[in-house]
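Only one structure is covered here, and it is reproduced in the block below.
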Amino acid sequence: FLKHSAPLPPGSIIMELRLCSACFVAIGAILAAANGDCKGSTCASKDSVDLQNGLQQALLQRTSKAKSLQWQHAALEECVPACRPHCSGSARPGKPCLPPAGGGWPYTTNREWSAKLGERILKAATADVQEEDCGGFHLYGDHVFCLNAMKETNAIALSYGIEERDRWSEKMSNLFHVSPQLYDCFQDPKESPPLSKTAPNGIGAGACSDGPDVACYEMPYESKRICLGASAGFVDGRPYETLESHLLDKDPLSAYVKMDVEGSEWDVLDHLLKHEELRNKIRTLDMEVHFGYSPGLSLDKGHEAVTREVEIFERLARTFRVTGSTLEVYREGWHPGKPGCTNPTCGEPAVHTAGGFSMSQFAVSFVNRQLLPEALA
């Protein structure tokens, strides 16, 4: 009942199914002969039913094992980072090199759906925009900036989630000469110069030269103790506003956006992707994505919720184009099974590659397709 145009390798799923199907046919014939006194197509002895049920279970287990072997084989594909021998510690363009964990499976559990979703995330997050398509890249921290997209200065830079210091908005101000607006309702202003408005503000081109450990803005910036949400209102006493309200009066391709909102991004992105006019206002989108994480809760999300997040991410990657991510550099810092590694640090993540590398959290950069050569748009 299965057709294949080429010889099947030993251990393939189709070969496993063929072998087990042949087993069913042969044993069925034996059972029919052994029960010759039974008449009718629906007649079977208890022993024959038990045996057939056992064979069905064996088939399922054998097929599952074959599928697992295929996933492991795919994970074992050797790769070498394209940036060698001069790799930076920042986000990188291109296809990330994510070799599997050495020394065996690093977790006590191995959920098949977690690996399948992780591989889907990896496929969507793999950058195919080349350096020449962007007129060059600027790699900094968690971001891969497409330089052709960064030329517009009559624009706004919206940064959501800034913590103590927001290097993305500093880069937008001091390198790309765009005035930023910063939003965060969780960070204590006493520990954040931008939120407390003590960071030098709008002091002029080239004036921020106090060193990398001092927050400084050459362009005027604004900061507000407001969080980003899918709807406006208050949650636990904290104010939330929408991305749509911040882009309401903006022209097409007039906004640079950064989000690091600890798992609250999915409803915001879902709304963005449903409104073409809204997303067409965004030039670039730099994000830290979080899969299977519930903000403010200790429990991880289940299969259905994580699948929805993966589907939103895939839609995002089809709508914009990926310029790079932190996946490769995160993999270089991953050392599973090292001494002192205890739960929950070493628990199986909600999503991971077939080789075990967690895809639950990483930074990724996008560019609007309209800013790329026509062949890529």
Side-chain angles (χ1 to χ4, degrees), residues 88-91 138-145 156-176 178-203 208 210-230 234-243 246 255-269 282 284-298 324-327 329-330 333 344-345 358 360-366:
S88 70
S90 68
H138 179 77
L139 311 183
Y140 180 77
D142 288 346
H143 318 297
V144 175
F145 294 104
I156 189 171
L158 300 171
S159 183
Y160 301 101
I162 66 173
E163 299 181 346
E164 293 88 354
R165 183 176 178 184
D166 185 41
R167 295 183 182 272
W168 180 86
S169 61
E170 291 178 42
K171 186 64 67 174
M172 294 304 304
S173 164
N174 304 342
L175 179 63
F176 300 119
V178 178
S179 292
Q181 292 185 4
L182 287 65
Y183 296 85
D184 196 311
C185 68
F186 283 87
Q187 177 60 47
D188 184 353
K190 295 178 182 179
E191 299 177 357
S192 173
L195 268 185
S196 63
K197 305 184 190 301
T198 59
N201 190 354
I203 61 176
C208 289
D210 292 334
D213 295 328
V214 179
C216 181
Y217 292 84
E218 297 176 3
M219 297 292 292
Y221 76 88
E222 297 179 21
S223 62
K224 302 178 182 180
R225 297 205 66 195
I226 296 171
C227 278
L228 178 67
F234 287 81
V235 178
D236 296 331
R238 294 185 172 92
Y240 283 75
E241 293 180 355
T242 66
L243 178 62
H246 295 168
Y256 302 93
V257 178
K258 187 232 28 176
M259 292 185 201
D260 183 3
V261 291
E262 305 302 323
S264 298
E265 62 267 21
W266 300 114
D267 288 340
V268 175
L269 291 173
I282 298 175
T284 64
L285 175 61
D286 292 276
M287 299 186 62
E288 184 172 86
V289 290
H290 309 80
F291 293 94
Y293 175 70
S294 299
L297 300 176
S298 59
S325 74
T326 57
L327 284 171
V329 72
Y330 283 7
T345 305
S358 174
S360 296
Q361 177 177 319
F362 60 93
V364 59
S365 296
F366 297 92

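Position 1 is the first residue of the sequence, and the numbers go up from there.
Listed here is the closest heavy atom pair of Leu182 and Pro194: CD2-CB, 3.6 Å. In terms of heavy-atom proximity, Ala157 sits nearest to Val178 at N-CG1, 3.7 Å. Scanning all heavy atoms of the two residues, the minimum distance from Ser196 to Pro189 falls at CB-O, 3.2 Å. What you find for Ala199 and Ala215 is that their closest heavy atoms are CB-O, 3.8 Å.
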Ser90/Val329 under side chain to side chain contact (heavy atoms under 4.5 Å, CB included): CA gap, chis, key distance, verdict = CA-CA 7 Å; Ser90 68; Val329 72; over 6 Å; no

Phe291 and Trp266: CA distance, side-chain angles, deciding distance, ring-ring contact (aromatic ring centres under 6.0 Å, His included) verdict | CA-CA 9 Å; Phe291 293 94; Trp266 300 114; 4.9 Å; yes

Verify side chain to side chain contact (heavy atoms under 4.5 Å, CB included) between Lys224 and Glu241, making sure each step is shown before the conclusion.
-> CA-CA 11 Å; Lys224 302 178 182 180; Glu241 293 180 355; 5.7 Å; no

What's the verdict on side chain to side chain contact (heavy atoms under 4.5 Å, CB included) for Leu228 and Ser264, showing C-alpha distance, side-chain angles and the deciding distance?
-> CA-CA 8 Å; Leu228 178 67; Ser264 298; over 6 Å; no

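Listed for the Asn174 side chain is a donor-acceptor partner under 3.5 Å among the backbone atoms of Cys216. Side-chain atoms of Ser179 do not come within 3.5 Å of backbone N or O of Met219 as any donor-acceptor pair. In this structure, Arg165 contributes its side chain and Glu191 its backbone to no donor-acceptor pair below 3.5 Å. Panel note: side chain Ser365, backbone Asp286; no donor-acceptor pair is recorded below 3.5 Å. Remark: side-chain polar atoms of Glu265 are paired, donor with acceptor, to backbone N or O of His290 under 3.5 angstrom. A donor-acceptor pair is defined here as one N or O able to donate and one able to accept, closer than 3.5 Å; such a pair exists between the side chain of Lys258 and the backbone of Gly161.
A distance of 13.5 Å separates CG of Leu195 from NZ of Lys190, quoted to the nearest 0.5 Å. We find the NE2-OG1 distance between His143 and Thr326 to be 10.0 Å, quoted to the nearest 0.5 Å. The NE2 atom of His246 sits 6.0 Å away from the CD1 atom of Ile226 when rounded to the nearest 0.5 Å. Note: Glu222 CD to Ser159 OG = 13.5 Å, rounded to the nearest 0.5 Å. One finds the CG atom of Asp260 at 8.0 Å from the CG atom of Asp142 (value rounded to the nearest 0.5 Å). Here the CD-CD distance, from Glu218 to Glu170, works out to 10.5 Å after rounding to the nearest 0.5 Å.
Annotation: side chain of Phe186 is not in contact with side chain of Glu262 (no heavy-atom distance under 4.5 Å). At least one side-chain heavy atom of His138 sits under 4.5 Å from a side-chain heavy atom of Lys171. Side-chain contact between Val364 and Val289 is present, with at least one heavy-atom pair separated by less than 4.5 Å. Looking at heavy atoms from C-beta onward, Ile162 lies in side-chain contact with Ser192 at the 4.5 angstrom threshold. Taking 4.5 Å as the limit, some side-chain heavy atom of Met259 sits within range of a side-chain heavy atom of Leu269.
In summary, the aromatic rings of Phe176 and Phe145 are positioned with their centroids under 6.0 Å apart. Ring centroids of Trp168 and Tyr160 are separated by 6.0 Å or more, keeping the two rings apart.
Taking the ring axis of Tyr140 as reference, the NZ or CZ atom of Arg167 does not stay both within 45° of it and closer than 6.0 Å to the ring centre.
Between Tyr217 and Tyr221, the angle of the ring planes lies from 30° to 60°, which puts this pair in the tilted group.
Put simply, the residue from Ile156, Thr284, Ile282, Leu158 that forms a side-chain contact (heavy atoms from CB on, under 4.5 Å) with Tyr256 is Thr284.
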